[in-house]
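Every number for a ligand or one of its atoms is a count from 1 in the order of the listing.
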Amino acid sequence: MSTLITGIAELTTQDPERRVLHDAAIIVDGDRIAWLGSAAKAPAADERVDAGGRAMLPGWVDSHTHMVFAGDRSAEFEARMAGQSYAAGGINVTTRATREAGDEQLAALLRARIAEAVRGGTTYLETKTGYGLDVAEEARHARIAAGEVDAVTFLGAHLVPAGADAGEYTDLVCGPMLAAVRPYAQWADVFCERGAFDEEQSRRVLLACREAGLGLRVHGNQLGPGPGVRIAVEVAAASVDHVNHLEQADVDALAGSWTGWDRDSAEGEPGTVATCLPACDLSTREPLAPGRLLLDAGVEVALASNCNPGTSYTTSMNFCVGTAVLQMGLSLDEAVRAGTYGGALALRAQDEVGSIEVGKRADLHLLQAPAAIHLAYRPGMPLTHAVWRAGKRIV
Ligand SMILES: N=CN[C@@H](CCC(=O)O)C(=O)O
Ligand SMILES: [Zn+2]
(Lines give C-alpha, C1' and ligand atoms only; values in the text may rest on other atoms or scores of the structure.)
(Ligands and ions follow the chains in the order given, each with its own letter.)
Protein backbone atom coordinates (compact mmCIF):
# COMPACT_ATOMS: atom_id res chain seq x y z
CA MET A 1 0.00 0.00 0.00
CA SER A 2 1.45 3.37 -1.02
CA THR A 3 0.60 6.73 0.56
CA LEU A 4 1.20 10.16 -0.95
CA ILE A 5 1.76 12.81 1.73
CA THR A 6 1.44 16.17 -0.02
CA GLY A 7 1.06 19.80 0.96
CA ILE A 8 4.37 19.77 2.85
CA ALA A 9 5.43 23.41 3.15
CA GLU A 10 9.04 22.49 4.10
CA LEU A 11 10.64 19.07 3.79
CA THR A 12 14.10 18.50 5.32
CA THR A 13 16.04 15.93 3.32
CA GLN A 14 19.59 14.54 3.52
CA ASP A 15 20.54 15.72 0.03
CA PRO A 16 23.11 18.52 0.39
CA GLU A 17 21.99 19.87 -3.01
CA ARG A 18 18.37 20.14 -1.90
CA ARG A 19 18.54 20.03 1.87
CA VAL A 20 15.19 21.80 2.27
CA LEU A 21 12.37 21.42 -0.27
CA HIS A 22 9.32 23.71 -0.31
CA ASP A 23 5.82 22.75 -1.55
CA ALA A 24 6.97 19.16 -1.37
CA ALA A 25 5.50 15.67 -1.23
CA ILE A 26 6.69 12.23 -0.21
CA ILE A 27 5.49 8.73 -1.06
CA VAL A 28 5.62 5.99 1.55
CA ASP A 29 5.39 2.42 0.32
CA GLY A 30 5.24 -0.24 3.01
CA ASP A 31 7.85 0.77 5.59
CA ARG A 32 10.06 2.67 3.12
CA ILE A 33 10.32 6.13 1.57
CA ALA A 34 9.63 5.46 -2.11
CA TRP A 35 9.73 8.98 -3.60
CA LEU A 36 10.21 12.61 -2.56
CA GLY A 37 10.14 15.88 -4.47
CA SER A 38 7.94 18.74 -5.64
CA ALA A 39 4.25 18.19 -4.89
CA ALA A 40 3.49 19.35 -8.43
CA LYS A 41 5.45 16.37 -9.81
CA ALA A 42 4.27 13.72 -7.37
CA PRO A 43 3.25 10.36 -8.89
CA ALA A 44 -0.08 8.74 -7.93
CA ALA A 45 -0.41 6.52 -4.86
CA ASP A 46 -3.11 4.29 -3.31
CA GLU A 47 -3.80 6.77 -0.50
CA ARG A 48 -3.41 10.54 -0.13
CA VAL A 49 -2.71 12.55 3.05
CA ASP A 50 -2.70 16.37 3.11
CA ALA A 51 0.06 17.77 5.35
CA GLY A 52 -1.83 21.08 5.38
CA GLY A 53 1.19 23.32 4.76
CA ARG A 54 3.19 21.96 7.70
CA ALA A 55 6.93 21.23 7.97
CA MET A 56 8.20 17.64 7.86
CA LEU A 57 11.41 16.30 9.45
CA PRO A 58 12.87 12.84 9.90
CA GLY A 59 11.72 11.24 13.15
CA TRP A 60 14.00 12.04 16.09
CA VAL A 61 16.68 9.43 16.88
CA ASP A 62 17.25 9.58 20.64
CA SER A 63 20.59 7.80 21.17
CA HIS A 64 21.00 8.33 24.92
CA THR A 65 18.32 7.56 27.56
CA HIS A 66 18.04 5.77 30.92
CA MET A 67 14.33 4.97 30.94
CA VAL A 68 14.21 1.70 32.94
CA PHE A 69 13.71 3.10 36.42
CA ALA A 70 11.23 3.66 39.21
CA GLY A 71 11.03 6.48 41.71
CA ASP A 72 11.61 10.19 41.54
CA ARG A 73 14.45 12.52 42.47
CA SER A 74 12.64 15.87 42.33
CA ALA A 75 13.80 16.69 45.89
CA GLU A 76 17.43 16.26 44.77
CA PHE A 77 16.68 18.46 41.76
CA GLU A 78 15.09 21.14 43.97
CA ALA A 79 18.19 21.12 46.22
CA ARG A 80 20.34 21.51 43.13
CA MET A 81 18.31 24.53 42.01
CA ALA A 82 19.03 25.93 45.47
CA GLY A 83 22.77 25.54 44.91
CA GLN A 84 23.70 21.92 45.73
CA SER A 85 25.99 20.31 43.12
CA TYR A 86 25.04 17.15 41.25
CA ALA A 87 26.86 14.01 42.44
CA ALA A 88 26.79 10.47 41.01
CA GLY A 89 25.71 9.11 44.39
CA GLY A 90 22.10 9.91 43.58
CA ILE A 91 22.16 6.87 41.29
CA ASN A 92 21.92 4.73 44.46
CA VAL A 93 18.54 6.33 45.28
CA THR A 94 17.07 5.29 41.94
CA THR A 95 18.73 1.86 42.16
CA ARG A 96 16.97 1.13 45.46
CA ALA A 97 13.57 2.19 44.07
CA THR A 98 14.05 0.29 40.80
CA ARG A 99 15.09 -2.96 42.51
CA GLU A 100 11.81 -2.82 44.45
CA ALA A 101 9.66 -2.43 41.31
CA GLY A 102 8.24 -5.60 39.72
CA ASP A 103 8.61 -6.51 36.05
CA GLU A 104 5.14 -5.34 35.04
CA GLN A 105 5.55 -2.02 36.87
CA LEU A 106 8.95 -1.36 35.28
CA ALA A 107 7.69 -2.33 31.82
CA ALA A 108 4.65 -0.07 32.22
CA LEU A 109 6.83 2.86 33.32
CA LEU A 110 9.16 2.30 30.36
CA ARG A 111 6.27 2.02 27.88
CA ALA A 112 4.74 5.25 29.19
CA ARG A 113 8.05 7.09 28.68
CA ILE A 114 8.41 5.66 25.17
CA ALA A 115 4.84 6.72 24.32
CA GLU A 116 5.63 10.24 25.59
CA ALA A 117 8.77 10.36 23.44
CA VAL A 118 6.81 9.17 20.39
CA ARG A 119 4.20 11.90 20.96
CA GLY A 120 7.16 14.32 20.70
CA GLY A 121 8.37 12.95 17.35
CA THR A 122 10.88 10.28 18.45
CA THR A 123 10.86 7.21 16.19
CA TYR A 124 14.09 5.42 17.14
CA LEU A 125 15.21 5.00 20.75
CA GLU A 126 18.13 3.67 22.76
CA THR A 127 17.90 3.00 26.47
CA LYS A 128 20.36 1.76 29.09
CA THR A 129 20.44 -0.42 32.15
CA GLY A 130 22.35 1.02 35.08
CA TYR A 131 19.89 1.19 37.97
CA GLY A 132 20.19 -2.49 38.86
CA LEU A 133 23.91 -2.71 39.75
CA ASP A 134 23.84 -6.43 40.50
CA VAL A 135 23.81 -9.40 38.13
CA ALA A 136 20.15 -10.39 38.45
CA GLU A 137 18.81 -6.83 38.34
CA GLU A 138 20.93 -5.66 35.41
CA ALA A 139 19.82 -8.72 33.44
CA ARG A 140 16.18 -8.15 34.45
CA HIS A 141 16.22 -4.51 33.33
CA ALA A 142 17.94 -5.39 30.03
CA ARG A 143 15.34 -8.10 29.37
CA ILE A 144 12.48 -5.66 30.02
CA ALA A 145 14.04 -3.03 27.73
CA ALA A 146 14.84 -5.50 24.92
CA GLY A 147 11.18 -5.89 24.02
CA GLU A 148 10.44 -2.18 23.95
CA VAL A 149 13.24 -0.10 22.39
CA ASP A 150 15.45 -0.21 19.27
CA ALA A 151 18.81 -0.42 21.05
CA VAL A 152 19.73 -1.62 24.56
CA THR A 153 22.92 -0.51 26.27
CA PHE A 154 24.49 -2.33 29.23
CA LEU A 155 25.51 0.26 31.83
CA GLY A 156 26.36 -1.95 34.79
CA ALA A 157 29.36 0.38 35.09
CA HIS A 158 27.09 3.27 36.05
CA LEU A 159 28.18 3.45 39.71
CA VAL A 160 29.96 1.24 42.24
CA PRO A 161 26.97 0.38 44.49
CA ALA A 162 27.05 1.65 48.04
CA GLY A 163 29.30 -0.51 50.21
CA ALA A 164 30.98 -2.37 47.34
CA ASP A 165 34.71 -2.40 46.50
CA ALA A 166 35.39 -0.68 43.16
CA GLY A 167 37.88 -3.28 41.91
CA GLU A 168 35.69 -6.23 42.86
CA TYR A 169 32.60 -4.59 41.38
CA THR A 170 34.46 -3.90 38.13
CA ASP A 171 35.39 -7.60 37.99
CA LEU A 172 31.69 -8.45 38.49
CA VAL A 173 30.66 -6.09 35.67
CA CYS A 174 33.26 -7.57 33.29
CA GLY A 175 32.36 -11.16 34.18
CA PRO A 176 29.03 -12.55 35.35
CA MET A 177 27.05 -9.32 34.89
CA LEU A 178 28.18 -8.88 31.28
CA ALA A 179 27.41 -12.55 30.56
CA ALA A 180 23.90 -12.26 32.07
CA VAL A 181 23.05 -9.04 30.15
CA ARG A 182 24.71 -9.99 26.84
CA PRO A 183 21.67 -11.77 25.30
CA TYR A 184 19.60 -8.57 25.58
CA ALA A 185 22.07 -5.77 24.73
CA GLN A 186 23.80 -4.46 21.61
CA TRP A 187 25.88 -1.78 23.35
CA ALA A 188 27.92 -1.24 26.51
CA ASP A 189 28.60 2.06 28.29
CA VAL A 190 30.59 3.27 31.28
CA PHE A 191 30.29 6.37 33.45
CA CYS A 192 33.91 7.51 33.31
CA GLU A 193 33.86 10.27 35.90
CA ARG A 194 35.00 11.22 39.39
CA GLY A 195 32.71 9.44 41.83
CA ALA A 196 32.03 6.67 39.28
CA PHE A 197 34.68 4.76 37.27
CA ASP A 198 38.29 5.83 36.79
CA GLU A 199 40.40 5.44 33.64
CA GLU A 200 41.70 1.94 34.41
CA GLN A 201 38.30 0.58 35.43
CA SER A 202 36.57 2.22 32.45
CA ARG A 203 39.04 0.78 29.97
CA ARG A 204 38.72 -2.67 31.54
CA VAL A 205 34.91 -2.60 31.22
CA LEU A 206 34.97 -1.33 27.64
CA LEU A 207 37.52 -3.88 26.44
CA ALA A 208 35.68 -6.76 28.12
CA CYS A 209 32.40 -5.64 26.53
CA ARG A 210 34.02 -5.23 23.10
CA GLU A 211 35.45 -8.74 23.47
CA ALA A 212 31.89 -9.93 24.12
CA GLY A 213 30.77 -8.37 20.82
CA LEU A 214 29.07 -5.23 22.15
CA GLY A 215 29.37 -1.80 20.54
CA LEU A 216 30.82 0.85 22.85
CA ARG A 217 29.58 4.18 24.23
CA VAL A 218 31.03 6.33 27.03
CA HIS A 219 29.67 8.89 29.49
CA GLY A 220 32.64 11.24 29.54
CA ASN A 221 33.85 14.67 30.71
CA GLN A 222 30.48 15.52 32.29
CA LEU A 223 31.52 16.95 35.66
CA GLY A 224 35.02 18.08 34.81
CA PRO A 225 38.05 17.42 32.56
CA GLY A 226 38.91 13.71 32.44
CA PRO A 227 39.99 10.70 30.35
CA GLY A 228 36.50 9.79 29.05
CA VAL A 229 36.80 11.33 25.58
CA ARG A 230 40.34 10.06 25.11
CA ILE A 231 39.36 6.49 26.09
CA ALA A 232 36.26 6.60 23.86
CA VAL A 233 38.39 7.47 20.82
CA GLU A 234 41.06 4.95 21.86
CA VAL A 235 38.54 2.07 21.86
CA ALA A 236 36.71 3.46 18.78
CA ALA A 237 33.46 3.95 20.71
CA ALA A 238 30.51 4.93 18.53
CA SER A 239 29.87 7.91 20.82
CA VAL A 240 31.09 9.77 23.85
CA ASP A 241 28.32 11.62 25.62
CA HIS A 242 28.01 14.72 27.84
CA VAL A 243 31.38 16.24 26.70
CA ASN A 244 30.85 19.35 28.84
CA HIS A 245 34.49 19.86 29.86
CA LEU A 246 36.85 19.42 26.89
CA GLU A 247 40.49 20.32 26.51
CA GLN A 248 41.95 20.97 23.06
CA ALA A 249 43.48 17.47 23.09
CA ASP A 250 39.98 16.02 23.49
CA VAL A 251 38.63 18.00 20.53
CA ASP A 252 41.66 17.01 18.44
CA ALA A 253 41.22 13.33 19.35
CA LEU A 254 37.54 13.41 18.36
CA ALA A 255 38.30 15.30 15.12
CA GLY A 256 41.02 12.77 14.33
CA SER A 257 38.45 9.97 14.48
CA TRP A 258 36.49 11.58 11.59
CA THR A 259 39.29 12.00 9.03
CA GLY A 260 37.97 9.03 7.04
CA TRP A 261 34.46 10.48 6.76
CA ASP A 262 32.84 12.85 4.25
CA ARG A 263 30.05 14.77 6.04
CA ASP A 264 28.25 15.90 2.86
CA SER A 265 28.19 12.58 1.04
CA ALA A 266 27.94 10.64 4.34
CA GLU A 267 30.50 8.20 2.97
CA GLY A 268 33.52 6.66 4.64
CA GLU A 269 34.23 5.28 8.11
CA PRO A 270 32.32 7.05 10.92
CA GLY A 271 34.31 8.06 13.97
CA THR A 272 33.29 8.74 17.57
CA VAL A 273 30.17 10.91 17.71
CA ALA A 274 30.10 13.64 20.38
CA THR A 275 26.63 13.50 21.92
CA CYS A 276 25.42 16.69 23.56
CA LEU A 277 22.71 16.50 26.21
CA PRO A 278 21.40 20.07 26.67
CA ALA A 279 18.50 19.23 28.99
CA CYS A 280 20.98 17.50 31.31
CA ASP A 281 23.42 20.41 31.14
CA LEU A 282 20.66 22.83 32.19
CA SER A 283 19.36 20.52 34.95
CA THR A 284 22.83 19.98 36.44
CA ARG A 285 23.96 23.59 35.94
CA GLU A 286 26.97 22.34 33.92
CA PRO A 287 28.29 24.48 31.03
CA LEU A 288 26.46 23.58 27.82
CA ALA A 289 28.48 21.10 25.77
CA PRO A 290 30.54 22.93 23.07
CA GLY A 291 28.57 21.63 20.10
CA ARG A 292 29.56 24.60 17.92
CA LEU A 293 33.28 24.09 18.60
CA LEU A 294 32.98 20.37 17.88
CA LEU A 295 31.13 20.90 14.58
CA ASP A 296 33.71 23.50 13.50
CA ALA A 297 36.43 20.93 14.25
CA GLY A 298 34.77 18.43 11.89
CA VAL A 299 33.26 16.20 14.61
CA GLU A 300 29.81 14.70 14.00
CA VAL A 301 27.53 15.81 16.83
CA ALA A 302 24.35 14.18 18.13
CA LEU A 303 21.67 15.61 20.39
CA ALA A 304 19.85 13.31 22.82
CA SER A 305 17.43 13.66 25.71
CA ASN A 306 19.37 11.62 28.32
CA CYS A 307 15.95 10.95 29.88
CA ASN A 308 16.65 9.86 33.48
CA PRO A 309 15.32 10.83 36.94
CA GLY A 310 18.58 12.31 38.20
CA THR A 311 19.81 14.82 35.63
CA SER A 312 17.38 15.11 32.72
CA TYR A 313 13.82 13.98 33.28
CA THR A 314 12.51 14.77 29.81
CA THR A 315 11.93 12.84 26.58
CA SER A 316 11.48 16.02 24.54
CA MET A 317 13.86 16.10 21.57
CA ASN A 318 11.92 19.17 20.36
CA PHE A 319 13.17 20.91 23.52
CA CYS A 320 16.77 19.66 23.07
CA VAL A 321 16.92 20.75 19.42
CA GLY A 322 15.36 24.14 20.18
CA THR A 323 17.84 24.67 23.03
CA ALA A 324 20.78 23.77 20.77
CA VAL A 325 19.77 26.67 18.50
CA LEU A 326 18.88 29.10 21.29
CA GLN A 327 21.84 28.40 23.59
CA MET A 328 24.56 26.32 21.85
CA GLY A 329 25.15 28.29 18.65
CA LEU A 330 23.96 25.54 16.29
CA SER A 331 21.98 26.52 13.19
CA LEU A 332 18.49 25.01 12.95
CA ASP A 333 19.72 22.70 10.19
CA GLU A 334 22.71 21.55 12.30
CA ALA A 335 20.50 20.98 15.34
CA VAL A 336 17.88 19.01 13.38
CA ARG A 337 20.65 16.91 11.80
CA ALA A 338 22.16 16.27 15.25
CA GLY A 339 18.79 15.09 16.59
CA THR A 340 18.18 12.77 13.63
CA TYR A 341 21.13 11.68 11.51
CA GLY A 342 23.61 12.44 14.32
CA GLY A 343 21.74 10.14 16.70
CA ALA A 344 21.55 7.48 13.98
CA LEU A 345 25.34 7.73 13.50
CA ALA A 346 25.83 7.39 17.26
CA LEU A 347 23.87 4.12 17.07
CA ARG A 348 25.45 3.11 13.76
CA ALA A 349 21.92 2.96 12.33
CA GLN A 350 22.47 5.71 9.75
CA ASP A 351 21.82 3.42 6.77
CA GLU A 352 18.33 2.65 8.09
CA VAL A 353 17.04 5.75 9.92
CA GLY A 354 17.83 9.38 10.69
CA SER A 355 17.12 11.07 7.35
CA ILE A 356 14.47 11.42 4.65
CA GLU A 357 15.96 9.63 1.64
CA VAL A 358 14.45 7.21 -0.88
CA GLY A 359 14.97 3.64 0.37
CA LYS A 360 15.28 4.49 4.07
CA ARG A 361 12.72 3.57 6.70
CA ALA A 362 9.73 5.93 6.59
CA ASP A 363 10.16 7.57 10.01
CA LEU A 364 8.54 10.99 9.62
CA HIS A 365 7.70 13.89 11.98
CA LEU A 366 5.14 16.48 10.86
CA LEU A 367 5.30 19.72 12.86
CA GLN A 368 2.39 21.95 13.83
CA ALA A 369 4.32 24.74 12.09
CA PRO A 370 5.11 25.88 8.52
CA ALA A 371 8.89 25.70 9.11
CA ALA A 372 11.24 23.77 11.42
CA ILE A 373 12.73 27.02 12.81
CA HIS A 374 9.59 27.16 14.98
CA LEU A 375 11.27 24.53 17.21
CA ALA A 376 13.50 27.38 18.45
CA TYR A 377 11.20 30.31 17.60
CA ARG A 378 8.37 28.87 19.73
CA PRO A 379 10.23 27.04 22.51
CA GLY A 380 8.25 24.73 24.75
CA MET A 381 5.21 24.67 22.48
CA PRO A 382 3.55 21.34 21.51
CA LEU A 383 4.81 21.33 17.92
CA THR A 384 4.41 17.64 17.02
CA HIS A 385 1.36 17.19 14.79
CA ALA A 386 1.83 13.67 13.35
CA VAL A 387 4.41 10.87 13.44
CA TRP A 388 4.99 7.90 11.13
CA ARG A 389 7.26 5.03 12.18
CA ALA A 390 8.29 2.47 9.53
CA GLY A 391 5.54 3.87 7.27
CA LYS A 392 2.77 3.50 9.87
CA ARG A 393 1.13 6.59 11.34
CA ILE A 394 1.46 6.36 15.15
CA VAL A 395 0.55 9.92 16.23
N1 LIG B 1 25.97 10.65 34.47
C2 LIG B 1 25.56 9.59 34.54
N3 LIG B 1 24.38 9.03 34.33
C4 LIG B 1 23.18 9.81 34.08
C5 LIG B 1 22.64 10.35 35.41
C6 LIG B 1 22.21 9.23 36.28
C7 LIG B 1 21.51 9.68 37.54
O8 LIG B 1 21.95 10.67 38.19
O9 LIG B 1 20.51 9.00 37.86
C10 LIG B 1 23.47 10.92 33.09
O11 LIG B 1 23.87 10.54 31.99
O12 LIG B 1 23.27 12.09 33.37
ZN1 LIG C 1 23.31 9.25 30.63
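Close N/O approach between Thr94 and ligand 1 is not found [any backbone or side-chain N/O within under 3.5 Å].
The nearest heavy-atom contact from the protein to atom 3 (N) of ligand 1 is His158 NE2, 2.8 Å. Atom 11 (O) of ligand 1 has His242 NE2, 2.8 Å as its closest protein atom, hydrogens excluded (heavy atom only). Regarding atom 12 (O) of ligand 1, its nearest protein heavy-atom neighbour is Thr311 OG1, 2.7 Å. Scanning the protein for heavy atoms near atom 8 (O) of ligand 1, the closest one is Tyr86 OH, 2.6 Å.
With no hydrogens or angles considered, a side-chain donor-acceptor pair links Thr384 and His365 at under 3.5 Å. No side-chain N or O of Asn221 forms a donor-acceptor pair with one of His242 less than 3.5 Å apart. Side-chain N/O atoms of Thr153 and Asp189 include no donor and acceptor closer than 3.5 Å. In this model, no donor atom of one side chain and acceptor atom of the other lie less than 3.5 Å apart for Arg19 and Thr13. One side chain, Asp72 or Ser74, offers a donor N or O that lies under 3.5 Å from an acceptor on the other. In this structure, a donor-acceptor pair under 3.5 Å is present between the side chains of Ser239 and Asp241.
Salt-bridge check for Glu357 with Lys360: passed, with a basic side-chain N closer than 4.0 Å to an acidic carboxylate O.
Assignment of Tyr131 to the shell around ligand 1 is supported, since a heavy atom sits closer than 4.0 Å. Heavy atoms of Arg73 come nearer than 4.0 angstrom to ligand 1 in at least one pair.
Near His219, meaning under 4.0 Å from any of its heavy atoms, are these atoms of ligand 1: 1 (N), 2 (C), 3 (N), 11 (O). Each of the atoms 11 (O) of ligand 1 lies under 4.0 Å from some heavy atom of His64.
The residue from Thr123, Asn318, Thr122 that alone fulfils the side chain to side chain donor-acceptor pair (under 3.5 Å) condition with Trp60 is Asn318.
The part of Gln222 lying near ligand 1 is the side chain, judged by heavy-atom distances below 4.0 Å. Counting heavy atoms under 4.0 Å from ligand 1, residue Asn306 touches it through the side chain alone.
Note on Asn308: not counted as a metal contact of the Zn ion (ligand 2), no N/O/S atom lying under 2.8 Å. In summary, His242 places no N/O/S atom under 2.8 Å from the Zn ion (ligand 2), failing the contact criterion.
In terms of distance to the Zn ion (ligand 2), the nearest N, O or S atom of His219 is named NE2.
The aromatic ring centres of His66 and His219 sit less than 6.0 Å apart.
Atoms NE2 of His64 and OD1 of Asn306, as seen from the Zn ion (ligand 2), are separated by an angle of 80°, to the nearest 10°.
Geometrically, Arg113 engages Phe69 in a cation-pi contact, judged by NZ or CZ lying under 6.0 Å from the ring centre and within 45° of the ring axis.
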